Amino acid sequence: PRTDRLIVDAFGGEAFDVLENRPDKRGALRGIKAKKARGMQSEFQRQNSVSRLIELLASYNLPVHYAATLADLLGSEAVEVLRENPYLLCNPPFELDFTQADRMAQDLGFQLDSSYRLEAALVFELSWNLQNGHTFIPRNKLLEVTAQLSGMDEGLLDMRLQVIIEQGRAVEETLGETQAVYLWQAHSQETFVAQDIARLHSMVLKLPPNLDNIVAEVEAEQGMVYDTLQRKAVVQCLNQGISLITGGPGTGKTTALKACVRLLEATGYQVALAAPT
């Protein structure tokens, strides 16, 4: 409060202009060093940017809680940057629905064939696809659905898609006869999972020579005799770095898992279960 009063008494109606644009004048005041003056300027510009962003977002009925993050990402010029490309809101961490960003852009005078608009529509369709459990879309399908969303020609969209791919924002990969298009994040994640599965698959446990005897002991402990598929599952799990046990209710998945754990422990391994059911 004392600093506020000092500034207002010194500059009156020019106080806001001094705070935002003239740290040298504030630095001339007694008790406000140059470093502190620059810090005050930076914070004031950020707060002012947040206020202007809230006003802009509210005028288009967009989530005002985006304001602080936009200010952090784009700095004091956030309002100007957002006006230059409102489709930024379709990207992480906001992921605004394309049609909402499009309404704002149209009001600001964007052309329907704007590169910002076409690229945002393509990225939005790829992001939306992830919510349906798909990491990629075939290229022809992506162009088709984006044409429906944007009302634009597939040829134009194909050109912008190529730009996105060249920029590294999307990845195209040939899968069989399909040209698959991924968001780069989804491609990176899928590749990581695939590589880790391959790593696990390469790991081989040494089966004990008396496996049949150990299986018989575990059967006796559990008071049951495994059927052919259960026995096959148990032996395979012991001989593979990664296995999937599948089947409907009552088909013996839990029984097979218990047998795997018991056999591993009997072979000298320590076992940890994650979220057992």
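Here the structure is a predicted model, which means the values were calculated and not measured.
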Check: D227 side chain, Q230 main-chain N or O, donor-acceptor pair, under 3.5 Å: yes
Side-chain touch D212/R231, heavy atoms, less than 4.5 angstrom: yes
Common cluster, V234/Y269, ILVMFWY with side-chain heavy-atom separation under 4.5 Å: yes
More than 12 heavy atoms of other groups within 6.0 Å of K258 NZ: no
Distance, nearest 0.5 Å, that separates CZ of R169 from CG of L161: 10.5 Å
L143-Y182 co-clustered via ILVMFWY side chain contacts under 4.5 Å: no
Closest contact, heavy atoms only, A186 versus L130: CB-CD2, 3.9 Å
From OG1 (T255) to CD (Q222), nearest 0.5 Å: 6.5 Å
Heavy-atom side-chain contact between Q179 and N140 under 4.5 Å: no
Same apolar cluster (I L V M F W Y, side chains within < 4.5 Å links), Y116/V79: yes
Min side-chain heavy-atom separation M104-D107 under 4.5 Å: no
Euclidean distance, I54 CD1 relative to S49 OG, rounded to 0.5 Å: 10.0 Å
Non-hydrogen side-chain atoms of L156 and R160 separated by less than 4.5 Å: no
CD (Q111) with more than 12 external heavy atoms under 6.0 Å: no
Heavy-atom check, side chain of E173 versus side chain of V181, under 4.5 Å: no
Inter-residue atom distance K232.NZ - C237.SG, 0.5 Å rounding: 11.5 Å
F136: which of T178, L126, N129 passes side-chain contact (heavy atoms from CB on, under 4.5 Å): T178
Single-linkage hydrophobic cluster, 4.5 Å side-chain cutoff, F98 and V163 together: no
L142 and L157, any side-chain heavy atoms less than 4.5 Å apart: no
Side-chain heavy atoms of Q240 within contact of V235, under 4.5 Å: no
Derivation of the side chain to side chain contact (heavy atoms under 4.5 Å, CB included) call for V171 and I165: CA-CA 6 Å; V171 176; I165 293 170; over 6 Å; no
Contact check, side chains of F192 and Q189, non-hydrogen atoms, under 4.5 Å: no
More than 12 heavy atoms from other groups under 6.0 Å of CD on E80: yes
Using residues 86-97 as the side-chain source, report each donor-acceptor pair under 3.5 Å to any protein atom, sequence neighbours left out, with the distance given to one decimal.
{"residue": "Y87", "atom": "OH", "partner": "D102", "partner atom": "OD1", "Å": "2.5"}
{"residue": "D97", "atom": "OD1", "partner": "T99", "partner atom": "N", "Å": "2.9"}
{"residue": "D97", "atom": "OD1", "partner": "T99", "partner atom": "OG1", "Å": "2.4"}

Trace of the side chain to side chain contact (heavy atoms under 4.5 Å, CB included) decision for Y226 with E219: CA-CA 7 Å; Y226 303 139; E219 286 178 324; 3.5 Å; yes
Side chain to side chain donor-acceptor pair (under 3.5 Å) contacts touching residues 141-157 (sequence neighbours left out): none
Heavy-atom closest pair, residues K253 and I245: CD-O, 4.0 Å
Shortest non-hydrogen contact from T191 toward H187: OG1-O, 2.7 Å
Distance, nearest 0.5 Å, that separates OG of S127 from CG of L122: 11.0 Å
Over 12 foreign heavy atoms within 6.0 Å of CE, M159: no
L244 atom CG: more than 12 heavy-atom contacts under 6.0 Å: no
In one Ile/Leu/Val/Met/Phe/Trp/Tyr side-chain cluster, 4.5 Å: M203, I197: yes
Separation between CD1 of I164 and CD of E172, rounded to the nearest 0.5 Å: 12.0 Å
Heavy-atom pair of closest approach, residues A78 and L53: CB-CD1, 3.7 Å
S188 (side chain) donor-acceptor with W184 (main chain) under 3.5 angstrom: no
Nearest atoms (heavy-atom pairs only) where L263 meets V215: CD2-N, 3.9 Å
Salt bridge flag under 4.0 Å for residues E217 and R262: no
